[in-house]
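Keep in mind it's a predicted model, so treat the numbers as computed, not measured. Proteins get letters first, then strands, A, B, ... in listed order; numbering begins at 1 in each.
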Amino acid sequence: MKVLVPVKRVIDYNVKVRVKADGSGVDLANVKMSMNPFDEIAVEEAIRLKEAGKAEEVVAVSIGVKQAQETLRTALAMGADRAILVVAADDVHTDIEPLAVAKILAKIVEEEQPGLVLAGKQAIDNDMNATGQMLSALLGWSQGTFASELGVEGDHAVVTREVDGGLQTIKVKMPAIITVDLRLNEPRYASLPNIMKAKKKPLDEKTAADYGVDVTPRLAIVKTAEPEARAAGEIVPDVDTLVAKLKEKGVV
Amino acid sequence: MAVLLLAEVTDGELSLDATAKAVTAAKALGDVTVLCAGGSAAAAGEAASKIDGVAKVLVAEDPSLGHRLAESTAALIVSLAGDYEHIVAPATTDAKNVMPRVAALLDVMVISDASGVVDGSTFERPIYAGNAIQTVKSSDAKKVITFRTSTFDAAGTGGSASVETIGAAANPGLSEWIEDKVAASDRPELTSAGIVVSGGRGVGSEENFELIEKLADKLGAAVGASRAAVDSGFAPNDWQVGQTGKVVAPELYVAVGISGAIQHLAGMKDSKIIVAINKDEEAPIFQVADYGLVADLFEAVPALIEKL
């Protein structure tokens, strides 16, 4: 079985986000970028399936700007076998919408015929939580979202999902799209020898046009603003003062 | 124009709070038809018909719709979509599972976690863990939206909408339910509680988390947790508050032993009053707290329980 893993290049999760003064978006120039943390978990899970003998090949895909090849090299250094970069934007500030990403991925799935697509449940930049579900819809495949446990057993997979009420376990028909949640695994760090080796692994470069997909956004960005800041509070000296303050406010 | 709203139905029961909040958001867009789908959904449909502002309720009961499976639920919504310009739901994990699938089947973009309605095609939504609010205008003929419930007040009850029973769509037969693991609790539900007490890494262990639960019970509060506490096994996943967990906006949020990573703040910074108890005075949580107490939680929390 081949496993396809879409990965996204996003602002590093430790970086403080700054909204551009002109309201056009978030400033991404000269900001540290990394692989979306959920996608790292997806890459790790795919590699573990390969190590367990349940997958033969792990293919990482990224859709975005040319610089996303760094993100793909990270996936290759972790253990993916090869990578496909689909250049769909010139400017790092252009975010390709999940619908367009899903359409490109659907074309790649047609070509590559993976038995499983493992994706992060959401990207920490646009927080859409949509690409996996959309890809599943376009392919008419089953979906198992927000996975915290995954067992692949021949023609089906058993997925434990993190949901509002607790945990839900479902059985999905293969081929399937699984989107992964935080507690599925702890991604490995790439070792230096593997980082060196990754530079020689195959990385195909394509464009959105190669797949005949129009990436024009459906959602026009009217403006991007800072959220309302909270007024500064006060440090209280002890528990008695805290209780008095809360009683004064009428909340306890 | 007409709006189809997917109600939050769990094991035949309507989640009134989440559904009524989404109704408030949806009312601005047109006449609201609520869809209650499930293995059993008639009682939920009856409850939904009483929400103020609901024009009509559709009830679809079928074994294939049980346990909120995405493929069959999305197929049902798509079969009904022709009559509606907006297809919406509260932004629960169920809806986040289903609605992007619906959107892709209709060849439109989904608008996830909308926190504001500007007009029929323009919506506000938080991005980057709530560090920016983006206003987006959809050019799609149909808009598929999930609403962040913490930013809308629940619509009242007192209505009497008509209820119509409909059939399920053909079951694609792609997935089946095995089991749910749901912790029973007498505490209020996290996303609708008036007070939330949350614990973080500083609490130190699952046993120590009982202290957080005791404070919560004293206050009649729901219990929350930071990602660090859930990852460490101190608390179950459904208690997680943050960018990828639940988003809450109670009257009072008490953060205990939580440092205040931006991913956690994303889930609670719209709370009316925030109290932080942490022994590290440099903890970022103090920057958003109305009242900060720099203290050892193992001394401060028992004292708080005694004095409240």
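In this structure, chain B has heavy atoms under 4.5 Å from both the backbone and the side chain of A/V236. For A/V158, the part sitting under 4.5 Å from any heavy atom of chain B is the side chain, from C-beta outward, and nothing else. For chain B, the nearby parts of A/I124 are the backbone and the side chain; heavy atoms of each come within less than 4.5 Å. Residue A/Q143 touches chain B through both its backbone and its side chain, counting heavy-atom pairs closer than 4.5 Å. Within the 4.5 angstrom heavy-atom criterion, only side-chain atoms of A/I11, from C-beta onward, approach chain B. Of the two parts of A/R230, only the side chain, counted from C-beta on, holds a non-hydrogen atom closer than 4.5 Å to a non-hydrogen atom of chain B. B/I274 touches chain A through backbone and side chain together, each having a heavy atom under 4.5 Å away. Neither the backbone nor the side chain of B/E124 comes within less than 4.5 Å of any heavy atom in chain A. For a residue to count as touching a neighbouring chain, one of its non-hydrogen atoms must lie under 4.5 Å from one of that chain's; by this rule B/V275 touches chain A with the side chain only. Heavy atoms of B/T191 lying under 4.5 Å from chain A are absent altogether. Contacts between B/A183 and chain A at a heavy-atom distance below 4.5 Å involve the backbone alone (N, CA, C, O). Proximity to chain A (any heavy atom under 4.5 Å) is restricted, for B/D270, to the backbone atoms N, CA, C and O. Residue contact with chain A, scored on non-hydrogen atoms closer than 4.5 Å, involves the side chain of B/L219 exclusively. Both the backbone and the side chain of A/Y13 have a heavy atom closer than 4.5 Å to some heavy atom of chain B. Heavy-atom distances place both the backbone and the side chain of A/A225 under 4.5 Å from chain B. Both the backbone and the side chain of A/V251 come within contact range of chain B, each with at least one heavy atom under 4.5 Å from a heavy atom of that chain. Looking at A/D238, the atoms closer than 4.5 Å to chain B (heavy atoms on both sides) all sit in the backbone: N, CA, C or O.
Remark: A/D164 does not engage B/K96 in a salt bridge, criterion side-chain N to carboxylate O under 4.0 Å.
Of the residues considered (B/F123, B/W239, B/Y128), B/Y128 shows the highest number of contacts with chain A, using heavy-atom pairs under 4.5 Å. Contact count versus chain B (heavy atoms, under 4.5 Å) is highest, among A/K173, A/K103, A/K223, for A/K223. Heavy-atom pairs under 4.5 Å with chain A were tallied for B/K269, B/E179, B/E281; the largest tally goes to B/E179. Listed options A/L242, A/T241, A/V252, A/L219 were ranked by heavy-atom pairs under 4.5 angstrom with chain B; first place goes to A/L219. Per-residue counts of heavy-atom pairs under 4.5 Å with chain B were compared for A/V222, A/V243, A/D125, A/T145; the largest is that of A/D125. Comparing B/R125, B/Q263, B/K246, B/Q287 by heavy-atom pairs within less than 4.5 Å of chain A, the highest count is held by B/R125. Options A/T131, A/N14, A/V159, A/L246 differ in how many heavy-atom pairs under 4.5 Å they form with chain B, and the most are formed by A/L246. Note: A/S142 leads A/A102, A/S142, A/A176, A/G233 in heavy-atom pairs under 4.5 Å with chain B. The greatest number of non-hydrogen atom pairs below 4.5 Å with chain A, out of B/V288, B/D94, B/N97, B/D140, is found for B/N97. The greatest number of non-hydrogen atom pairs below 4.5 Å with chain B, out of A/K247, A/K249, A/R18, is found for A/K249. Put simply, of B/N237, B/L252, B/D290, the one with the most heavy-atom pairs under 4.5 Å next to chain A is B/N237. Ranked by heavy-atom pairs under 4.5 Å with chain A, the first of B/S139, B/G194, B/A300 is B/S139.
Across all non-hydrogen atoms, the minimal contact from A/M134 to B/A103 is CE-CB, 3.7 Å. Heavy-atom minimum distance, A/K121 versus B/T244: NZ-O, 3.0 Å. Between A/P227 and B/G130, the shortest heavy-atom contact is CG-O, 3.2 Å. Taking every heavy atom of both residues into account, B/I178 and A/K171 meet most closely at CD1-CB, 3.8 Å. A pairwise comparison of heavy atoms in B/V110 and A/A130 identifies CG1-CB, 3.7 Å as the closest pair.
A/K107 NZ: 12 or fewer foreign heavy atoms inside a 6.0 Å radius. By the 6.0 Å contact criterion, NZ on B/K181 is open, its count of non-hydrogen atoms from other residues, nucleotides or ligands being 12 or less. Under a cut-off of 6.0 angstrom, the local environment of NZ in B/K142 is crowded, with over 12 non-hydrogen atoms contributed by other residues, nucleotides or ligands. Atom CD of A/E186 has 12 or fewer heavy atoms from other residues, nucleotides or ligands within 6.0 Å. The environment of A/E234 atom CD is dense: over 12 non-hydrogen atoms of other residues, nucleotides or ligands sit within 6.0 angstrom.
Within the 4.5 Å cutoff, no side-chain heavy atoms of A/I170 are placed close to those of B/R68. Annotation: side chain of A/L99 is not in contact with side chain of B/V108 (no heavy-atom distance under 4.5 Å). Looking at heavy atoms from C-beta onward, A/D127 lies out of side-chain contact with B/Q134 at the 4.5 angstrom threshold. In this structure, A/V19 and B/I133 have side chains that are not in contact, with every pair of non-hydrogen atoms separated by 4.5 Å or more. Side-chain contact between A/R183 and B/Q240: present, with at least one pair of heavy atoms (C-beta onward) separated by less than 4.5 Å. Counting heavy atoms from C-beta outward, B/M109 and A/P98 have side chains that approach closer than 4.5 Å.
Here the CG atom belonging to A/L135 is positioned 10.0 Å from the CZ atom belonging to B/R101, to the nearest 0.5 angstrom.
Under a 3.5 Å cut-off, the side chain of B/E71 and the backbone N or O of A/S136 do not form any donor-acceptor pair. A side-chain donor-acceptor contact under 3.5 Å links B/S112 to the backbone of A/M128.
Put simply, the residue from B/I262, B/I127, B/N131 that forms a side chain to side chain contact (heavy atoms under 4.5 Å, CB included) with A/V17 is B/N131.
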